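Below: one structure, written as structure tokens.
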Amino acid sequence: MADSSKKMQIVFASAECAPFVKTGGLGDVAGSLPAALVRAGAEVIVMVPKYATIKDEYKAQMEHFSDFYVSLGWRNEYCGLEKLEHDGVIYMFIDNERYFARDYPYGFFDDGERFAFFSKAITESLQHLPAGFECDILHCNDWQTALAPVFLREFYQGLPLYDRVKTVFSIHNVAFQGQFSDTVMEDILGVAHIPAAASQLRCDACSINYMLGALRYADAITTVSPTYANEIQTPEFGEGLDGVLRERSYALQGILNGIDVAGFDPATDKRIAANYTVEDRSGKAVCKAKLQEELGLEVRDDRPLMVMVTRLTRQKGLDLVMYALDRILAGGVQVAVLGTGDRDYEDGLRYFQDKYPGTMAARIEFDPALSQRMYAAADMFLMPSKFEPCGLSQIIAMRYGTLPIVRETGGLKDTVIPYNEFTGEGTGFSFSNFNGDEMGDAVFRAARLFWDNREAWDQLVTQAMSQDFSWTRSADKYLDLYFFMHPEIERPAAVVNEPEAAAEPVAVEESKAEEKPIEAEPAKAETEVKAEVAPEAEAEVKPAAKPAAKKTTTRKTTAKKATATKAAATKTTAAKTTTTRKRTTAAAKKAAEAEAAPEVKAETVVEAKPAAKTTTRKRTATTAKKTTTKAAAPKAEAKAEAKPAVKAKPAPKAAEVKPAAAKDEPKAEVKAKPKPAKEAPVSPATPVEEKAPTKKTSVRKATATRKRR
């Protein structure tokens with residue numbers, strides 16, 4: 001029974017979280033998704049390490065909530081919980097200065113120990129949450145929290161507080177897995193003496209893998225785009241974990257990230273030169289001119305400006321950029337790049353800046369304010385990644401009316417609709433292979449549209465800016481998953497925006513269950529369909545003119561139904577079945593229908609004989625059982641019901657044998673049916689014969705049969 005009073009209560013664990021600490025996309029997700037979940041009606045506590053780098057203004061708002069000790073191998077480590085409320089979300093900062101009072105979140109020799117402590121502290125903290133908060137979902141992110149599902153199962157299973165906790169693990173980049181020497185298994189994790197844990201964490205003879213543990217222990221696995229969820233199950237993108245991801249593909253799904261649409265809004269952004277909206281984009285031209293001037297480029301509105309804001313690494317496609325940049329710059333496209341990374345790429349960009357002054361600008365630095373001005377000013381945004389789990393830059397670019405040029409991989413493929421010159425649809429440009437010439441072609445497809453068809457270009461910009469990339473949409477899909485894992489908690493009406501998605505896993509199981517009975521038990525299936533169609537059939541049958549039009553059709557329908565019933569009951573569908581066998585089948589069918597649908601008793605009695613291969617001309621004999629003229633209406637309804645029932649279910653098989661059944665079977669049945677003695681009173685049949693149209697030969701034969709008997 002669903003509990004309508006309880007809210008879904010989620011603990012969201014992440015090694016970084018904007019605005020407190022952020023090094024990449026994970027910080028953006030942890031900073032935005034929990035707030036969207038709260039707006040959708042859930043209760044969320046976010047757990048983050050209390051790094052020394054968190055600004056003092058946030059530290060001043062924290063209040064000491066609790067403290068306890070966490071066992072880690074042979075150690076007992078202090079853990080404090082510092083509470084802070086921000087944007088409706090409760091944040092709990094895990095305080096341990098030995099592990100987290102550092103200048104940067106990652107990159108230290110003891111990272112394996114630091115984040116094993118963080119994972120253990122998360123699971124231990126579930127006992128020390130605010131009153132009334134009982135964790136339903138523990139949502140862990142990336143390798144830094146990957147051991148939490150392992151610890152939960154191995155050390156806390158069976159405790160009442162933990163039994164209700166379901167674990168979700170999100171992969172933000174499968175390339176970063178947390179691999180360490182297997183000596184940490186006993187010294188730090190304390191699981192070497194547990195064979196199941198030791199074997200499932202090990203990735204080779206002398207190493208263990210934190211992410212591998214989460215993939216095997218978590219109840220559900222998500223990643224940040226549907227395409228990336230498929231890609232990581234292949235050796236090319238799986239980084240050695242594709243095997244276990246294929247094994248657990250039933251528990252894996254991709255949910256696209258969103259962006260903070262209030263923070264990234266060209267209409268209100270104070271960081272850009274001029275504000276603009278999708279309806280009035282005059283401010284974008286101002287932004288472009290100001291940026292060209294700032295970066296030392298020629299101030300011209302007739303040249304497309306293409307920008308990149310990225311880490312300068314091979315993963316981000318810098319090999320392709322170096323290959324094609326000469327062609328792009330010589331072709332009249334202005335290029336500006338902001339970022340830091342590998343020294344070779346940094347030097348290469350400086351070389352092109354010197355070679356093409358006024359056309360190329362390279363800013364080898366990290367400058368968030370400048371990146372914002374570049375998003376707003378540019379015409380095109382280049383993102384030719386080798387792989388990209390989701391990517392936020394292309395989404396931000398579209399939000400600011402800058403058309404992305406991307407490689408079709410991961411979240412880039414899921415978020416950017418390539419321009420179709422014939423239909424006009426699209427939100428950007430794309431190319432499929434990791435190839436410099438293909439990338440250059442895509443750039444010039446965009447540039448030619450900018451030069452030659454400004455009307456189509458403007459329409460494309462409008463479509464890009466109109467896309468919905470809010471966290472509301474993504475949060476709703478996460479809630480679908482959470483409520484699927486906790487069916488006993490009732491989802492608030494206000495939250496259920498996509499009920500079909502929530503019910504999806506159940507619907508798949510139901511459809512599988514329905515497949516088999518169609519062939520194995522047509523009799524039962526037909527009875528159920530008839531019961532459902534009955535009200536509609538009544539309205540159709542009652543006019544006296546209807547049966548006349550249906551004379552031939554009814555006969556064929558009955559024959560079809562007869563063939564299907566016969567196949568189910570005897571499994572030897574021969575056209576020459578004896579009369580005795582037919583009568584037995586009819587009796588068995590009658591009994592089965594009576595059990596299957598007691599609520600339609602009146603109809604079942606009437607339907608019993610038509611189901612056993614009767615035709616229209618036997619209405620007289622069947623109706624005789626009722627001894628009142630009222631039987632005529634249900635009987636006629638039953639005939640009409642037969643038609644939709646047969647068409648809906650075993651249509652293909654019936655169609656194959658229809659001609660033979662329609663000709664042979666009725667004659668045998670007319671003689672066989674009048675056997676029961678109960679049918680002696682014939683008088684009630686007269687009104688039916690008058691009501692139904694004249695059946696010519698059929699009615700005469702039926703009357704002759706009664707007289708002979």
Side-chain angles (χ1 to χ4, degrees), residues 24-25 173-175 224-225 227-228 231-232 236-237 257 304-342 344-353 356 359-364 371 374-375 378-398 400 402-419 426-450 460 464:
N173 191 336
V174 78
V224 290
S225 72
T227 298
Y228 192 60
E231 287 177 344
I232 60 177
E236 182 183 358
F237 294 95
N257 282 342
L305 171 60
M306 182 173 74
V307 303
M308 291 183 75
V309 177
T310 183
R311 294 196 315 275
L312 306 179
T313 63
R314 175 172 166 75
Q315 185 234 313
K316 294 296 182 181
L318 266 293
D319 286 352
L320 309 189
V321 174
M322 292 297 139
Y323 174 85
L325 208 46
D326 241 330
R327 172 190 169 193
I328 291 168
L329 293 166
V333 177
Q334 291 184 333
V335 178
V337 181
L338 172 66
T340 60
D342 297 351
D344 289 348
Y345 299 133
E346 293 180 355
D347 291 343
L349 291 171
R350 290 188 184 103
Y351 162 78
F352 283 113
Q353 180 177 245
Y356 293 94
T359 305
M360 170 74 193
R363 293 291 179 268
I364 311 303
S371 73
M374 290 171 73
Y375 282 124
D379 299 299
M380 306 181 298
F381 188 92
L382 181 61
M383 202 167 175
S385 303
K386 185 172 177 61
F387 65 92
E388 194 67 56
C390 178
L392 297 178
S393 297
Q394 82 281 9
I395 299 176
I396 297 169
M398 285 189 276
Y400 282 83
T402 300
L403 298 183
I405 301 169
V406 302
R407 189 169 99 79
E408 293 169 5
T409 182
L412 301 179
K413 184 176 181 180
D414 291 326
T415 53
V416 178
I417 305 165
Y419 171 61
T427 58
F429 302 84
S430 67
F431 62 99
S432 57
N433 296 306
F434 193 69
N435 177 291
D437 289 318
E438 278 195 36
M439 187 197 82
D441 292 346
V443 170
F444 281 105
R445 277 203 306 279
R448 277 195 297 272
L449 191 70
F450 178 89
L460 215 54

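Side-chain atoms are counted along with the backbone in the values below, which use heavy atoms only and exclude waters and symmetry mates. Numbering of residues begins at 1 and proceeds along the displayed sequence. Bear in mind the structure is a predicted one, so any value in this text is a computation, not a measurement.
- The distance from atom CZ of Phe429 to atom CG of Leu403, rounded to the nearest 0.5 Å, is 6.0 Å.
- Ion pairing between a basic and an acidic side chain is recognised when a charged N comes within 4.0 Å of a carboxylate O; Arg448 and Asp441 show no such pairing.
- Looking only at side-chain heavy atoms (C-beta outward), Asp326 and Phe352 come within less than 4.5 Å of each other.
- To the nearest 0.5 angstrom, Met398 atom CE is 11.0 Å from Ser393 atom OG.
- Ring orientation note: the planes of Phe387 and Phe237 are nearly perpendicular, at an angle over 60° on the 30°/60° scale.
- A distance of 5.0 Å separates CZ in Arg350 from CD1 in Ile364, rounded to the nearest 0.5 Å.
- For the pair Ser430 and Pro418, the tightest heavy-atom approach, listed with the atom from each and the gap, is OG-CB, 3.4 Å.
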For residues 305-314, dump all side-chain donor-acceptor pairs below 3.5 Å to protein atoms at least two apart in sequence or in another chain.
from	atom 1	to	atom 2	distance (Å)
Arg311	NH2	Gln315	OE1	3.3
Arg314	NH1	Asp319	OD2	2.3

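- Looking at heavy atoms from C-beta onward, Met383 lies out of side-chain contact with Pro404 at the 4.5 angstrom threshold.
- Considering CD1 of Ile328 and OG1 of Thr359, their distance stands at 12.5 Å, rounded to 0.5 Å.
- Across every non-hydrogen atom of Thr402 and Met380, the tightest pair is CG2-C, 3.5 Å.
- Contact check for Leu349 versus Gln353: no side-chain heavy atoms found under the 4.5 Å cut-off.
- Between Tyr419 atom OH and Leu460 atom CG the span is 7.0 Å, to the nearest 0.5 Å.
- The closest donor-acceptor contact from the side chain of Arg407 to the backbone of Lys386 lies under 3.5 Å.
- Using a 4.5 Å heavy-atom threshold, the side chains of Phe431 and Leu320 count as touching.
- Thr427 contributes a side-chain N or O that, together with a main-chain N or O of Ile417, makes up a donor-acceptor pair within less than 3.5 Å.
- Asp342 contributes no side-chain N or O that, together with a main-chain N or O of Asp344, makes up a donor-acceptor pair within less than 3.5 Å.
- With sequence neighbours excluded, no residue forms a side chain to side chain donor-acceptor pair (under 3.5 Å) with Tyr351.
- Defined by atom type and a distance below 3.5 Å, a donor-acceptor pair is missing between the side-chain atoms of Tyr323 and Asn435.
- A 4.5 Å side-chain heavy-atom check between Val406 and Lys413 finds every atom pair outside the cut-off.
- Scanning all heavy atoms of the two residues, the minimum distance from Gly332 to Pro304 falls at O-CD, 4.1 Å.
- Residues Ala324 and Gly436 share a closest heavy-atom pair of CB-O, 3.8 Å.
- For Glu388 (side chain) and Pro384 (main-chain N/O), no donor-acceptor pair under 3.5 Å exists by modelled atom type.
- With hydrogens and angles disregarded, no donor-acceptor distance shorter than 3.5 Å links the side chain of Thr227 to the backbone of Gly411.
- Without hydrogens or angle criteria, Ser432 side chain to Glu408 main chain gives no donor-acceptor distance under 3.5 Å.
- Note: Gln394 CD to Ile405 CD1 = 13.0 Å, rounded to the nearest 0.5 Å.
- Side chains of Ile396 and Phe381 form no contact here, defined as non-hydrogen atoms less than 4.5 Å apart.
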